[in-house]
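The structure appears right after this line, and notes come after that.
Whatever order the structure lists them in is the order used to number ligands and atoms, beginning at 1.
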Amino acid sequence: MHVETKLVQAGVGRDGTTGAVSFPVYYATAYRHPSLGQSTGYDYARTANPTRTVVEEAIAEAESGDAGFACASGMAAIHTVMGLFSKGDHLIVSLDLYGGTYRLFEQVLTRYGLQFSYVDLRDLRALEDAVRPETKAVFIETPTNPLMQITDIRAVSVIAKKYGLLTLVDNTFMTPYCQRPLELGADLVLHSATKYLGGHNDVLAGLIVTKGAELSEKVRFLHNSIGAVLGPQDSWLLLRGMKTLALRMERHQSNALAIAEKLREHPAVAEVFYPGLTDHPGYEIQSGQASGYSGMVSFRVRSAAQVAPFLEHLRIVSFAESLGGVESLCTYPATQTHADIPQEIREYVGVCDRLLRLSVGIEHPEDLIADISQALDATLSLIAGECTR
Ligand SMILES: *Cc1c(COP(=O)(O)O)cnc(C)c1O
């Protein structure tokens with residue numbers, strides 16, 4: 001079956017007693033045992049819940065993995081996975097990283113004795129140079145957020161295997177509709193399902209997918225032991241969202257490409273970052289490892305003075321901090337998603353105060369282009385002279 005079909009059919013025919021096509025929400029936290037030593041498969045809701053099971057199986061199938069785990073948020077999923085590591089262990093992490101992940105690593109997990117090195121994973125030499133005796137894993141975000149840099153998942157997985165490291169991929173931006181890291185050699189995939197998988201800006205959720213029996217059992221133990229699991233109503237909302245993922249991603253992507261091309265022509269814009277543009281430096285790798293380019297577009301205006309008026313003039317696109325929903329949103333990484341990354345590091349990786357990030361929704365492309373163009377036009381008088389990076 002194709003991923004579209006797997007996602008649409010998730011949970012259909014699974015409720016044997018009623019035949020409900022939309023799988024029901026099970027609120028029960030406790031389950032009667034048939035007799036001593038027997039179980040229906042459900043005992044206590046932290047360990048397993050029937051509605052959650054359907055979502056977990058759906059994401060495992062969609063990602064070509066062996067087991068799926070639904071968590072209370074993307075951060076809960078990442079924190080759960082970090083339970084695989086112990087004091088003194090070292091991880092190599094994408095340099096241009098989601099701000100919340102950076103905050104969890106630097107402000108929480110370093111206190112537990114984990115160590116993190118941030119490396120531009122487009123540079124495979126730099127990756128090998130960063131490996132230490134205590135290195136246990138490589139954590140990849142590709143495309144990176146917000147600069148849309150592309151990491152070669154196959155190549156990183158080969159190097160990771162050579163040194164006995166796990167390859168962990170945050171696949172939030174691409175989703176299994178466009179990219180399946182486990183098929184490319186990764187061991188574990190993470191999602192903020194709050195974004196494209198949920199898709200409607202109405203559910204906070206995280207997902208983990210593992211490959212291999214041993215790793216799956218380890219994560220199963222952590223998921224139950226830590227307990228940052230997804231509740232039944234949220235599991236149902238996520239499942240409903242996942243059913244339309246394929247259709248949504250196609251529209252997100254065609255809209256994003258149209259907008260990226262328009263932005264490039266606009267005199268108020270200095271640079272555009274979208275991996276679906278054929279001259280994007282990661283285009284070849286992206287095309288070789290993914291079947292699409294997703295709906296995230298970043299761009300730099302020419303002067304930081306343009307940012308506030310641009311955001312104020314937007315009518316359809318909302319100035320808001322998230323991504324992946326049907327509604328178009330615009331984020332200002334410097335003060336929103338990446339505010340917890342120190343300014344020197346932000347500027348070094350290129351998340352400067354002229355960078356804006358669009359999560360392109362599924363509205364009509366002409367309406368989005370008209371909205372963004374008029375907001376950019378309103379900033380033209382403010383360009384003080386061309387800025388350099
Ligand atoms: C949003 C996001 C997260 C965190 O997920 P939450 O659901 O907000 O906890 C992690 N990684 C990426 C790439 C994200 O965009």
Next item on the list: Indicate, with yes or no, if the rings of Phe299 and Tyr274 have centres closer together than 6.0 Å.
Entry: no
Item checked: Leu323: numbered ligand 1 atoms lying under 4.0 Å from its heavy atoms -> 15 (O)
Next item on the list: Verify the ring-centre separation between Phe116 and Phe139: is it less than 6.0 angstrom?
Entry: no
Check: Can you list the ligand 1 atoms lying under 4.0 Å from a non-hydrogen atom of Ser73?
Finding: 7 (O), 9 (O)
Next item on the list: Select the closest option to atom 11 (N) of ligand 1 among Thr144, Asp170, Thr172, judged by heavy-atom distance.
Entry: Asp170
Next item on the list: Determine the sole option in Gln179, His191, Arg180 for which the side-chain hydrogen bond (donor to acceptor under 3.5 Å, both in side chains) test with Glu63 is passed.
Entry: His191
Notebook entry, point to check: Below 3.5 angstrom, do we get any N/O pair linking Lys195 and ligand 1?
Noted result: yes
Check: Could an N or O of ligand 1 be found under 3.5 Å from any N or O of Met75, whether backbone or side chain?
Finding: yes
Checklist line | Contact (N/O only, under 3.5 Å) between Glu141 and ligand 1 | finding: no
Checklist line | SB check Arg315 Asp367 (cutoff 4.0 Å) | finding: no
Notebook entry, point to check: If you round to the nearest 0.5 Å, how far is CG of Leu166 from NZ of Lys161?
Noted result: 9.0 Å
Notebook entry, point to check: Does NZ or CZ of Lys6 come closer than 6.0 Å to the centre of the six-membered ring of Tyr177, within 45° of the ring's axis?
Noted result: no
Next item on the list: Tell me which part of Ala205 gets within contact of ligand 1: side chain, backbone, both or neither, using heavy atoms under 4.0 Å.
Entry: backbone
Notebook entry, point to check: For ligand 1, which atoms have a heavy atom of Gly74 less than 4.0 angstrom away?
Noted result: 5 (O), 6 (P), 7 (O), 9 (O)
Note to self: At less than 4.0 angstrom from any non-hydrogen atom of Thr194, what atoms of ligand 1 do you find?
What the structure shows: 7 (O)
Notebook entry, point to check: Should the proximity of Leu204 to ligand 1, defined as any heavy atom under 4.0 Å, be assigned to the side chain, the backbone, both, or neither?
Noted result: side chain
Item checked: N or O pair under 3.5 Å between Ser192 and ligand 1 -> yes
Checklist line | Flag if over 12 foreign heavy atoms under 6.0 Å of CZ, Arg346 | finding: yes
